[in-house]
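A quick write-up on the structure given underneath.
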Amino acid sequence: MKIRLNGEATEIAAVTLAAALDELGYGEAKIATAVNEDFVPVSQRESTALADGDRVEVVAPMQGG
Amino acid sequence: MKIRLNGEATEIAAVTLAAALDELGYGEAKIATAVNEDFVPVSQRESTALADGDRVEVVAPMQGG
Amino acid sequence: MKIRLNGEATEIAAVTLAAALDELGYGEAKIATAVNEDFVPVSQRESTALADGDRVEVVAPMQGG
Amino acid sequence: MKIRLNGEATEIAAVTLAAALDELGYGEAKIATAVNEDFVPVSQRESTALADGDRVEVVAPMQGG
Amino acid sequence: MRDFYGVTLKTPLMLGTAQYPSPAIMGEAFKASGAGIATVSLRREAGGERAGQAFWELIASLGTLVLPNTAGCYTVKEAITTAHMAREVFDTNWIKLEVIGDADTLQPDVYGLVEAARILTEEGFEVFPYTTEDLIVCERLVSAGCRVLMPWGSPIGSGLGLNNEYGLKTLRARFPEIPLVVDAGIGAPSHAAKAMELGFDAVLLNTAVAKAGDPVAMACAFAQAVEAGAAAHTADLMEPRDMATPSTPVLGKAFLE
Amino acid sequence: MRDFYGVTLKTPLMLGTAQYPSPAIMGEAFKASGAGIATVSLRREAGGERAGQAFWELIASLGTLVLPNTAGCYTVKEAITTAHMAREVFDTNWIKLEVIGDADTLQPDVYGLVEAARILTEEGFEVFPYTTEDLIVCERLVSAGCRVLMPWGSPIGSGLGLNNEYGLKTLRARFPEIPLVVDAGIGAPSHAAKAMELGFDAVLLNTAVAKAGDPVAMACAFAQAVEAGAAAHTADLMEPRDMATPSTPVLGKAFLE
Amino acid sequence: MRDFYGVTLKTPLMLGTAQYPSPAIMGEAFKASGAGIATVSLRREAGGERAGQAFWELIASLGTLVLPNTAGCYTVKEAITTAHMAREVFDTNWIKLEVIGDADTLQPDVYGLVEAARILTEEGFEVFPYTTEDLIVCERLVSAGCRVLMPWGSPIGSGLGLNNEYGLKTLRARFPEIPLVVDAGIGAPSHAAKAMELGFDAVLLNTAVAKAGDPVAMACAFAQAVEAGAAAHTADLMEPRDMATPSTPVLGKAFLE
Amino acid sequence: MRDFYGVTLKTPLMLGTAQYPSPAIMGEAFKASGAGIATVSLRREAGGERAGQAFWELIASLGTLVLPNTAGCYTVKEAITTAHMAREVFDTNWIKLEVIGDADTLQPDVYGLVEAARILTEEGFEVFPYTTEDLIVCERLVSAGCRVLMPWGSPIGSGLGLNNEYGLKTLRARFPEIPLVVDAGIGAPSHAAKAMELGFDAVLLNTAVAKAGDPVAMACAFAQAVEAGAAAHTADLMEPRDMATPSTPVLGKAFLE
């Protein structure tokens with residue numbers, strides 16, 4: 001299905017957030033996730049189903065002031 | 001009945017705000033009124049009945065910064 | 001003879017400051033004069049002889065802060 | 001004779017600055033001296049004769065900013 | 001020139017009416033300074049007292065516009081009820097909205113202020129909000145319908161002048177269309193002139209005039225200072241320079257040594 | 001009121017005549033501001049040029065007092081000769097004495113200044129010394145016979161205002177009898193008002209007016225500002241307070257919540 | 001000494017991690033200055049990118065406490081979601097709460113800030129709010145559960161220092177129990193020392209260090225300055241005096257003229 | 001690094017020895033702060049008193065360089081005689097030359113100062129002149145042979161800090177080779193840090209340390225502050241900006257609303 005990953009249209013086969021992250025190559029990366037502007041903790045990635053058009057955000061640590 | 005006029009316990013015979021103001025000697029004074037913290041315009045003083053314990057505020061122009 | 005008038009080498013025939021000023025076209029101009037860095041008042045222009053190489057300054061009113 | 005020692009009238013028997021300093025109990029103190037407002041170095045205390053009325057200053061180290 | 005809810009000020013000076021040695025001196029201060037706006041307030045009055053009546057007649061005689069305030073109100077509710085009473089008594093839609101957040105500094109409660117400004121605007125008032133120099137607060141006030149902003153210079157009655165010039169400059173830059181008034185904290189004509197040089201539209205004063213040795217003369221001094229500052233802003237001030245330059249052209253200087 | 005060598009100023013504004021867009025604008029600036037003293041200078045003139053003549057007629061038409069300066073003089077000798085030439089040309093004993101110590105900052109050479117002031121005073125001049133705010137220097141100038149002091153606010157033409165307010169305050173406190181003028185560095189009416197609030201007797205300006213977008217309007221702005229500051233000083237300014245106090249008496253406030 | 005949610009700081013210096021010439025220089029700046037708290041952020045990462053991983057390992061190697069921010073969030077919703085993501089990634093309840101109100105000045109939106117602070121506190125976060133110096137706003141933040149306040153000195157990245165010293169002093173006086181940090185706007189060690197002399201508990205810096213010619217040396221300079229200011233506050237600074245007094249006792253001075 | 005008559009300072013801190021609660025505390029202040037130069041003076045001593053002896057032994061034990069002053073001298077003659085007595089007693093050619101012009105402000109008499117500096121230099125002294133920030137005066141002092149300049153920040157003992165920052169900046173720009181020390185008026189570490197940030201080479205303090213609640217801690221605070229300021233000057237401070245810019249790159253911000 002088609003989701004928006006960090007603002008970019010992206011085609012994925014996976015139907016859960018966890019599977020999508022694997023498919024997209026995040027593997028063990030130190031990341032946090034949100035779907036449709038709501039935070040999804042690690043513990044809920046498995047149980048979070050993705051639907052066509054979902055907005056998925058994946059963020060990682062960066063410099064900050 | 002007993003009302004609180006500008007914070008002071010006051011005994012009045014009048015049952016409307018307009019009558020109370022006459023009874024209390026405000027006559028033609030340049031004043032504005034509130035009952036129980038709500039503004040009561042001139043036009044409604046006649047029709048505003050007072051009840052025992054009502055809090056009546058009567059204010060007039062003063063210096064201000 | 002050769003004098004320096006306001007810093008410029010100048011040839012004059014006159015032998016007094018007063019005559020020199022006439023010769024140089026100052027006429028009735030509103031000016032003040034110095035010769036060799038000393039002030040020469042109007043009253044002494046006639047009696048002030050010029051010598052070859054003298055430094056003559058002629059100044060007039062100007063804007064100032 | 002009578003001198004002024006640091007502004008105070010003082011009677012001394014000594015006739016040189018060096019002797020006066022001994023007589024006055026300065027001994028080995030870490031001091032500098034002036035007579036009649038002129039500095040007198042250690043080397044000249046012996047040879048500095050005092051006269052009646054001389055103004056002798058004796059100073060020592062103190063706190064300063 | 002920016003107008004105050006359709007009104008063009010005669011002078012950039014707004015003057016308070018409190019704390020003068022006497023009503024007569026207050027009246028003189030207004031007449032002498034030509035201040036075009038007088039701020040006033042309300043207080044409890046007893047039957048037969050008529051103090052308000054006397055004060056009102058004095059104000060009416062000044063021929064100025066009247067700007068009632070909600071001084072001393074700590075809640076939205078108090079401020080709104082006070083505004084309604086003021087509108088009736090003073091017969092004007094103008095209200096200098098004060099929602100005080102602290103009894104010592106008398107500074108605005110920017111939360112209650114915005115809420116009260118919105119409600120009063122909806123009820124047809126023309127709100128002059130006494131605010132801080134906070135840009136975001138001022139944007140909220142404008143969104144709430146305010147067409148005038150009155151940031152403080154420093155705490156009321158402190159006379160400290162402009163505590164945060166940078167903040168005031170930012171407001172001027174960000175609200176080119178909105179009339180801006182420095183309200184509170186001004187202690188000297190030089191403060192008032194500075195505010196106007198920054199491009200402000202007016203200054204509101206009280207303590208610095210009323211508590212001066214000679215309030216009438218001080219009111220005039222402030223009147224001149226605000227006009228001086230306003231004129232200077234229009235006439236385009238020179239840029240300060242870190243390098244000194246001569247006022248007198250050196251060209252043609254006589255050589256005399 | 002303190003007098004300047006027997007002369008009482010009409011206004012506390014002294015204005016320079018240099019750097020204006022045109023002679024006409026300069027004339028307007030004087031007329032509009034009512035400045036009572038015009039500073040002028042001297043420069044070399046060629047035979048038949050008559051530029052000085054024209055300038056002089058313009059100045060004469062202003063009806064102000066004329067204060068010639070010794071701008072650009074770096075030595076006592078130059079300054080004295082220039083003063084003598086100025087006295088003859090401008091027919092006045094007044095001289096604004098400048099002995100410059102540095103070509104960049106154009107600041108006074110306080111050594112040459114005091115020596116020249118002494119000599120000129122002995123020769124019958126009435127000296128207006130352009131000085132720093134140094135108390136000791138000013139005492140020397142007074143001992144040398146100066147009855148006016150003109151400390152700088154900041155470097156000539158910088159527009160930085162009053163760089164050392166503390167020093168200026170000290171001068172006012174220490175010379176209660178001597179007229180004090182802030183000369184140089186003032187860039188805005190608020191600076192000028194501040195100087196007068198400190199108790200100064202006048203302000204001398206040039207660049208801030210001549211280089212303004214609208215010199216005539218700016219001259220008026222400064223005229224108002226100095227009068228405002230002077231009036232405020234006389235009327236006794238309030239003391240700034242670190243604690244805020246209400247402008248509106250809280251007594252009798254209605255209870256509405 | 002006031003603690004930050006139970007943590008006592010090793011030093012009063014908090015340092016940002018952005019804008020350094022290189023990660024290595026950033027690491028050096030932390031090691032050399034001994035800054036005890038590092039602020040960090042979050043950004044989008046593509047699959048396989050692992051940039052965040054690398055940055056994280058660098059931060060972990062510093063041995064400092066980590067304070068994640070919500071930089072760039074303009075709404076309560078964004079800030080809260082960002083806070084949750086930060087808590088998971090950085091494994092801390094601490095959050096430097098930024099709810100930005102303006103893209104130019106990057107100043108706090110004090111409305112969204114208080115709301116977000118309340119929600120996050122209820123959700124178990126320990127909030128470090130980036131706020132203005134507004135006393136009323138700070139009271140709301142404390143009521144919302146904040147036990148640390150981080151008022152700005154001046155706009156982020158401006159280096160202007162403490163634009164409203166009076167406001168900062170007021171906060172210190174009114175919140176004796178709450179740790180106060182000047183966050184944003186500090187440009188020089190003298191600014192940081194001043195903040196600490198006012199009784200603040202720490203200073204948070206980034207641009208002034210990262211953009212210095214030598215960030216490592218500058219970080220050390222700030223570390224010394226904040227300790228100097230803190231020590232001076234504790235050691236009780238002398239009161240400035242308007243009258244000069246001799247450092248050297250005049251008693252017993254020799255008479256030599 | 002600029003040297004002081006061939007001597008390179010261990011630290012940019014010079015400390016006075018007057019006004020401490022006790023000699024022991026003074027000693028501690030020096031040891032703790034590492035101040036490398038101690039200023040001292042002379043006073044009349046009676047026979048058998050030996051107070052000077054005791055003080056001298058204390059100073060000797062500090063292991064600092066000693067800089068005798070001519071405090072309290074109002075004439076060239078007094079200053080010179082005092083300098084000679086100091087050279088003999090303290091066995092050094094260094095002299096902190098004070099020629100005081102006013103008993104209240106204790107400011108330098110710049111006339112006597114230059115004359116005394118010239119004479120003492122000819123007599124082999126290495127002069128540290130206590131001066132104002134006047135550029136021309138400082139040029140005269142350098143011409144007189146001074147290779148160190150010590151302008152005041154503000155009047156001795158006032159703690160007002162740097163009254164004329166512009167003047168001090170000018171000195172730094174104009175004397176790139178000459179060691180510059182701010183002497184007098186510094187009241188807080190932030191003042192000292194600022195002086196060093198301007199590029200000064202050292203700071204001389206006394207009252208701010210001796211009269212602090214805890215002189216030893218305050219001495220350390222100043223020691224840190226001057227090093228912080230010096231390091232910051234070397235590390236190249238950021239330029240203040242009138243426009244705010246984000247510390248956190250906005251690139252890649254998650255979209256969460």
Side-chain angles (χ1 to χ4, degrees), chain G residues 16 18-19 41-44 69 71-72 75 77-78 81-82 104-106 155-160 187-190 193-194 197 206-208 211-214 217-218 220-221 224-225 227-229 231-232 234-241 243-250 252-254 256-257, chain H residues 16 18-19 41-44 69 71-72 75 77-78 81-82 104-106 155-160 187-190 193-194 197 206-208 211-214 217-218 220-221 224-225 227-229 231-232 234-241 243-250 252-254 256-257:
Chain G
Q19 302 185 75
S41 190
L42 289 172
R43 72 147 171 215
R44 288 167 163 180
N69 69 28
T75 68
K77 167 84 166 141
E78 278 182 293
T81 305
T82 301
D104 288 335
T105 63
L106 294 176
I156 292 176
S158 71
L160 291 168
S190 53
K194 179 69 187 179
E197 287 164 8
N206 190 329
T207 307
K211 293 296 197 189
D214 179 344
M218 192 61 81
C220 294
Q224 285 183 298
E227 281 177 20
T234 310
D236 192 5
L237 288 150
M238 71 179 281
E239 274 304 306
R241 269 176 291 189
M243 281 296 304
T245 59
S247 283
T248 302
V250 288
K253 207 195 133 299
L256 301 166
E257 59 178 325
Chain H
Q19 305 185 73
S41 190
L42 290 172
R43 72 145 172 219
R44 288 168 162 178
N69 68 29
T75 66
K77 168 84 166 136
E78 278 182 293
T81 306
T82 300
D104 288 335
T105 63
L106 295 175
I156 292 176
S158 71
L160 291 169
S190 53
K194 179 69 188 179
E197 287 164 8
N206 190 328
T207 307
K211 293 297 198 189
D214 179 344
M218 192 61 81
C220 294
Q224 285 182 297
E227 283 178 18
T234 310
D236 191 6
L237 289 151
M238 72 180 282
E239 274 303 306
R241 270 177 289 189
M243 282 294 303
T245 59
S247 283
T248 302
V250 286
K253 211 197 130 295
L256 302 167
E257 59 179 322

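Order of the sequence lines sets the chain letters (A, B, ...), proteins ahead of strands, with each chain counted from 1. Computed from heavy atoms alone, side chains included, the values below leave out hydrogens, waters and symmetry copies.
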Let me confirm one number: the NZ-NZ distance from G:K194 to H:K194, rounded to the nearest 0.5 Å. 13.0 Å
Please round to the nearest 0.5 Å and tell me the distance separating atom OG of G:S158 and atom CE of H:M238. 6.5 Å
Among H:G213, H:A235, H:G159, residue most engaged with chain G (heavy-atom pairs, under 4.5 Å): H:A235
Options H:A212, H:G229, H:G16, H:A232, ranked by heavy-atom pairs under 4.5 Å with chain G, top entry: H:A232
Indicate yes or no: at least one non-hydrogen side-chain atom of H:L160 is less than 4.5 angstrom from one of G:R241. no
Taking every non-hydrogen pair under 4.5 Å, which of G:A208, G:C220, G:P189, G:A193 racks up the most with chain H? G:P189
Minimum heavy-atom distance between H:L237 and G:G187, given as atom pair plus value: CD2-O, 3.6 Å
Check each atom of H:T234 against the heavy atoms of chain G and say whether the ones under 4.5 Å are side chain, backbone, both or neither. neither
When you look at G:M218 and H:D236, which way does the side chain to side chain contact (heavy atoms under 4.5 Å, CB included) test go after all the steps? CA-CA 8 Å; G:M218 192 61 81; H:D236 191 6; 5.7 Å; no
Return the minimal non-hydrogen interatomic distance between H:A225 and G:A228, and the atom names on each side. N-CB, 3.7 Å
H:A231: side chain to side chain contact (heavy atoms under 4.5 Å, CB included) partners, not counting sequence neighbours: G:A221
Which atoms of H:E227 are under 4.5 Å from chain G, going by heavy atoms: the side chain, the backbone, both sets, or neither? both
